[in-house]
Amino acid sequence: MKEFILPQLGQRLWKKYGLRANPFDTAPLSLTSETSLPIADAIVGRGFETYESRSLCNVLCNPGGARIIIEGQVGVGKTTFVNYHRYIWENHSQDRLFTPQEEIAVTEHWQLSHFLINILSALISKLILLIGEKEVSKVPVFQEVLALSRVFFQTNLSIEGSFMGFGGGFSRSHNINVPSLPEIQLMRYFREMVRQIKQMNYAGVFLHIDNLEILRREDTHSIRAFLEIIRDCLQTPDVYFVFVSNQGFFRDIISSLPRVRSIFFGKPVAIAPLTKIQVIEAIHKRYHILAMDKQKFINPVEDSFIGYLYDLYKGNMRYIMDALNMAVPDLLNQSEYTISTEKAQICLDHLVKEQILALLTPLEWEMLCFCKAKEKFTNKMISDQFHIPSSNVARSMEHLRDLNLIYLDHKEGKKIYYCITEYAKIATPVSYQKAIEPTPFSPIEKRTFEILSFLQKNQKIRHQEYAQLVKVSPATATRDLNQLVKTGKLCRIGQGKKSYYELKEG
Ligand SMILES: Nc1ncnc2c1ncn2[C@@H]1O[C@H](COP(=O)(O)OP(=O)(O)O)[C@@H](O)[C@H]1O
Ligand SMILES: [Mg+2]
């Protein structure tokens, strides 16, 4: 019941601002058609001029299949990055690659058969979506896999919705009970499916395996074993396996497995956070996409608040949006205007502190504040600081971990190092808060926001209009506009006096 009421309530709140839905939705941009934020319109950065995109493309250009690791912090935009490339390779490439609707999410203790079944199901779901069940059934291997998927589906009712919706097969976080079917048979199905898909005018299949990062921290042994057992499957011809993981995965896991390493592209592709301007641009794009009337919507927050969150979370887009999600609905009840940055900061700080304090003992709160001051910490450091036995510290740390306030970062021999989570960072003592005062926007950054906002409401702008809008000399206007064209934000239409500028598509 709760789930049903909440979105409606949310929508009413956003309507005040002239928006159809929540602009701060934290889901990765995806290929599914139900989303209100289509990836092609909502994506920012990650274009072909970037190092990460070029590296991935070089691998995908290899005929015959490949394997690559994408690394980066949780929440920087890895899933979105890979989804964007899947979209491009499926829709805008000469050598098109077939790809399932959703990413395939590995869960713990998978065997080769789980891996294969999830792939087969994801492929068959996409085929049904694309050409319909009738056409699918005409190809013997598709028909067999479809029938098989139905058997699996009956063995586990919880996946019914997902499968029948053909949204993404069994891919997302479902753990399917696999009947005892020989792995060799599943491998045969996989190969044959890929072969048939190629006959539909595709150069290959692009598989996005998404959440190795979740497996890694706790259990490096099973992830190693898993990679070893899927190694042969990863060499299926014409399949491009793109694995998403956290930083250091290649170095710590892949490199220690020579047989596995030999089949992977030599180094991982690292995904860095978007720049501050890009994050603000991404949020502006969302307002624009969700606006009921493109001329009339109101920005819920000032850009300087997004800038503040950017500095606080070192550019991590998921955390930025989480914080916006927390603070904004609380304040929306009170105003229909853009919420001031000061008000939003106070509200956020207050909300987080209130939430955290309600769950912790006074000592645990003190410990958390101490941990905040350290980059990384161990049980012993806390025990020394508070003069309490390490067994008591261990209990408190367990509690802090359960509440997602700290996490295990790494082990060095017997020492276990923890870090504080980004969520816990918001509720910070004043001294810490001071240290991350937002860096003010430079004049050129401010002017960039102004013109981008202007162009989201108006189609085009002329040189002179721009100079008036941002109150600069014609020479500065020329410099700014040239720079914006060079960095791919604007395009110039026409020549001489009649020329004007538009937002660059995509
Ligand atoms: N390039 C981008 N352009 C616009 N929004 C993005 C971009 N990258 C990430 N996001 C948004 O940031 C949030 C986190 O992205 P996600 O891909 O889920 O990160 P990760 O997979 O690294 O945890 C999501 O809400 C997503 O929509
Ligand atoms: Mg992700």
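Counting starts at 1 for both ligands and their atoms, following the listed order. Computed from a predicted structure; not experimentally measured.
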Lys78 and ligand 1 - part of the residue with a heavy-atom distance under 4.0 Å
both
Aromatic ring centroids of Phe48 and His85 under 6.0 Å?
yes
Suppose we call two aromatic rings close when their centres sit under 6.0 Å apart. Are Trp14 and Phe24 close by that rule?
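Yes, ring centres under 6.0 Å apart.
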Can you tell me which residue and heavy atom of the protein come closest to [atom], and the distance to 0.1 Å?
{"atom": "atom 2 (C) of ligand 1", "value": "Val44 O, 3.6 Å"}
{"atom": "atom 21 (O) of ligand 1", "value": "Thr79 OG1, 2.7 Å"}
{"atom": "atom 18 (O) of ligand 1", "value": "Arg318 NH2, 2.7 Å"}
{"atom": "atom 19 (O) of ligand 1", "value": "Gly77 N, 3.0 Å"}
{"atom": "atom 4 (C) of ligand 1", "value": "Ala42 O, 3.5 Å"}
{"atom": "atom 17 (O) of ligand 1", "value": "Thr80 OG1, 2.6 Å"}
{"atom": "atom 5 (N) of ligand 1", "value": "Met317 CE, 3.6 Å"}

Please say whether the positively charged group of [X], taken as NZ for Lys or CZ for Arg, lies over the ring of [Y], i.e. under 6.0 angstrom from the six-membered ring centre and within 45 degrees of the axis.
{"X": "Lys460", "Y": "Tyr500", "result": "yes"}
{"X": "Arg96", "Y": "Tyr202", "result": "yes"}
{"X": "Lys267", "Y": "Phe250", "result": "no"}

Taking a cutoff of less than 4.0 Å between a non-hydrogen atom of the residue and any ligand atom, is [X] in contact with ligand 1?
{"X": "Glu71", "result": "no"}
{"X": "Gly45", "result": "no"}
{"X": "Gln278", "result": "no"}
{"X": "Gly75", "result": "yes"}

Separation between CG of Leu405 and CG of Leu360, rounded to the nearest 0.5 Å
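Result: 6.0 Å between the selected atoms.
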From CD1 (Ile70) to NE2 (His208), nearest 0.5 Å
8.5 Å
At a threshold of 2.8 Å, where the distance has to be below it, does the Mg ion (ligand 2) have an N, O or S atom of Thr80 nearby?
no
